[in-house]
There are 2 protein chains.
Amino acid sequence: MSGTPFSTKQRILEAAESLFARHGFAGASLRQVTSAAKVNLAAVNYHFGSKDKLIEEVFRRRLDELNRRRLKALEALQDDASLEEALSAFITPALELAHEGEGGAAFVRVLARAYAEHNDQLRAFLSNNYGHVLKRFTQVFAGKLPHLSRDELYWRTDIVAGALTYAMADFGIIQRRPNVSEREHRAQAIEHLIRFASAGLRAD
Amino acid sequence: MSGTPFSTKQRILEAAESLFARHGFAGASLRQVTSAAKVNLAAVNYHFGSKDKLIEEVFRRRLDELNRRRLKALEALQDDASLEEALSAFITPALELAHEGEGGAAFVRVLARAYAEHNDQLRAFLSNNYGHVLKRFTQVFAGKLPHLSRDELYWRTDIVAGALTYAMADFGIIQRRPNVSEREHRAQAIEHLIRFASAGLRAD
DNA sequence: CTATGCTTCAAACGATCGTTTGAGTTCCTG
DNA sequence: CAGGAACTCAAACGATCGTTTGAAGCATAG
């Protein structure tokens, strides 16, 4: 198997991630993908079975990594860690992944697209690979916000996830200014998000 | 012109809105649209010129209405209105529109898709029809948050817009429970968003 | 009534889509 | 070295895409 510096499978995954991010799942054709990956058109169906399966694999690869990092950051926390620290364990890995190489940024947009697609199959897949992590974090938040009811906590965690998704995908109007490095821009985004979210969570 | 209860043009717009919401711009074909609208396939190119122009029209129709309502709500505010009231003028029209009939919900998803598409042409269009409203609101927020620097204010307004977009599109994990009416669910969403956002904006 | 301009229609255009095929190549194993 | 699995390849499949065409329908104005 494999052989070349990067295997056919990996090259397809990376090209697909980038093209799905730019043109959407329906908008990016397998011919574009295989052409960018410099592999034969039939390779996708050979290695992944279908375009849909390829889409799933694009998700799985990055989501596994993101979840791994989030849980690791969460476990590194002391019991008496602040709400801000817990939020950082949730937010920082996401925004870091979002700016790692070309693929990271691409994946984040793909993720945002998945939300937008409202595709039930994809949502179920995301919920399965993602839901338990969100649950863990919600529990930690709950411990640091004893004044919140369950309902209240769910709503606010949801809002945090929304603001984060939005920030990850660079949807906002705020564009990084030329004199600010990408690393610095990300640091600012993390800082603002945590400050905003912790105040929002603590409200009342 | 027109004739039937609803003109060909309107029927196309409504069918397109619904189908773009469900399958995306690339994912919904003109044949699906014209079939759902019960009009001839060629009618789209006759009335709108192209599929892209049709997409633009889908946006213009709803965005004009949303902006109109937001500005009206903003102007109805007293000078000494609270931050929460200003936020409500921004948030409430959006979430109301998002739950008006079938078309409203569809449009919101279309809007979310537009964000995800990262299509420069569409983004420019949105910025032109939308930017000045956001600027107006930011100014009002600024008046009620004198402790914030310009940068800080921009960041936080951006986060609010993100959380709102997320909430409008029903991206969140929180699903309306069967024993809660849609109207009540929306009211809760508005309430939670305002409380969260006002605390986040006031942070520090 | 005829003529004119707007609208609708069925049909077809070339292009591109995801997928399949079957022969060819490569590489490890026995 | 022979055999076979793993993989790549060019070519083609039928389906569907956005768009165009030219004739037919239909109202209003002269």
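Computed from a prediction, not measured in an experiment: that's the story for all the values here. A, B, ... follow the sequence lines: proteins, then strands. Residue 1 opens every chain.
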Mind calculating the distance between [atom1] ([X]) and [atom2] ([N]) to the nearest angstrom?
| X | N | atom1 | atom2 | result |
| --- | --- | --- | --- | --- |
| B:Asp52 | D:dT19 | CG | C1' | 12 Å |
| A:His23 | C:dC17 | NE2 | C1' | 16 Å |
| A:Phe48 | C:dT20 | CZ | C1' | 18 Å |
| A:Phe20 | C:dG18 | CZ | P | 8 Å |
| A:Lys51 | C:dT20 | NZ | C1' | 17 Å |
| A:Asn45 | D:dA12 | CG | C1' | 14 Å |
| A:Arg31 | D:dT16 | CZ | C1' | 12 Å |
| B:Leu30 | C:dT16 | CG | P | 17 Å |

(message) Can you tell me if A:His47 touches the phosphate of D:dT8, counting only side-chain N or O atoms and a distance under 4.0 Å to OP1 or OP2?
(response) yes
(message) Please tell me if B:Ser29 has a side-chain N or O lying less than 4.0 Å from either OP1 or OP2 of D:dC17.
(response) yes
(message) If you assign each of A:Gln32 and A:Gly49 to its closest nucleotide in DNA chain C, which residue comes earlier from the 5' end?
(response)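 Looking at the nearest nucleotide for each, A:Gln32 comes out on the 5' side.
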(message) Quick check on DNA chain C: between B:Val39 and A:Ala28, whose nearest nucleotide comes earlier from the 5' end?
(response) B:Val39
(message) For A:Arg11 and A:Ser7, which I'm curious about, is there any donor-acceptor pair between the side chains at under 3.5 Å?
(response)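 Result is no, nothing qualifies.
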Between [options], which one does the side chain of [X] approach most closely?
| X | options | value |
| --- | --- | --- |
| B:Ala42 | D:dT20, C:dG18, D:dC7 | D:dT20 |
| B:Tyr46 | C:dT8, D:dG18, C:dG18 | C:dT8 |
| B:Asn40 | D:dT19, D:dT8, C:dA10 | C:dA10 |
| A:Ser50 | D:dG18, C:dT19, C:dG18 | C:dT19 |

(request) Could you tell me whether B:Glu56 and B:Arg60 have a side-chain N and a carboxylate O separated by less than 4.0 Å? (result)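 Looking at B:Arg60 together with B:Glu56, the answer is yes, because their closest N to O distance falls below 4.0 Å.
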(request) State, with a plain yes or no, whether a side-chain heavy atom of A:Glu152 is found less than 4.5 Å away from one of B:His192. (result) yes
(request) Please assess A:Lys144 against A:Glu85 for the test salt bridge (charged side-chain N to carboxylate O under 4.0 Å, His left out), listing each intermediate value before the final yes or no. (result) CA-CA 11 Å; A:Lys144 309 192 181 306; A:Glu85 288 174 308; over 6 Å; no
(request) Could you point out which residue of A:Leu13, A:Thr34, A:Val39 forms a side-chain contact (heavy atoms from CB on, under 4.5 Å) with A:Thr8? (result)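 The single option meeting the side-chain contact (heavy atoms from CB on, under 4.5 Å) with A:Thr8 is A:Val39.
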(request) For A:Ala43, report the nucleic acid contact type (base, sugar-phosphate, nothing); a contact means any heavy atom under 4.0 Å. (result)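 Counting heavy atoms under 4.0 Å across all strands, no contact is made by A:Ala43.
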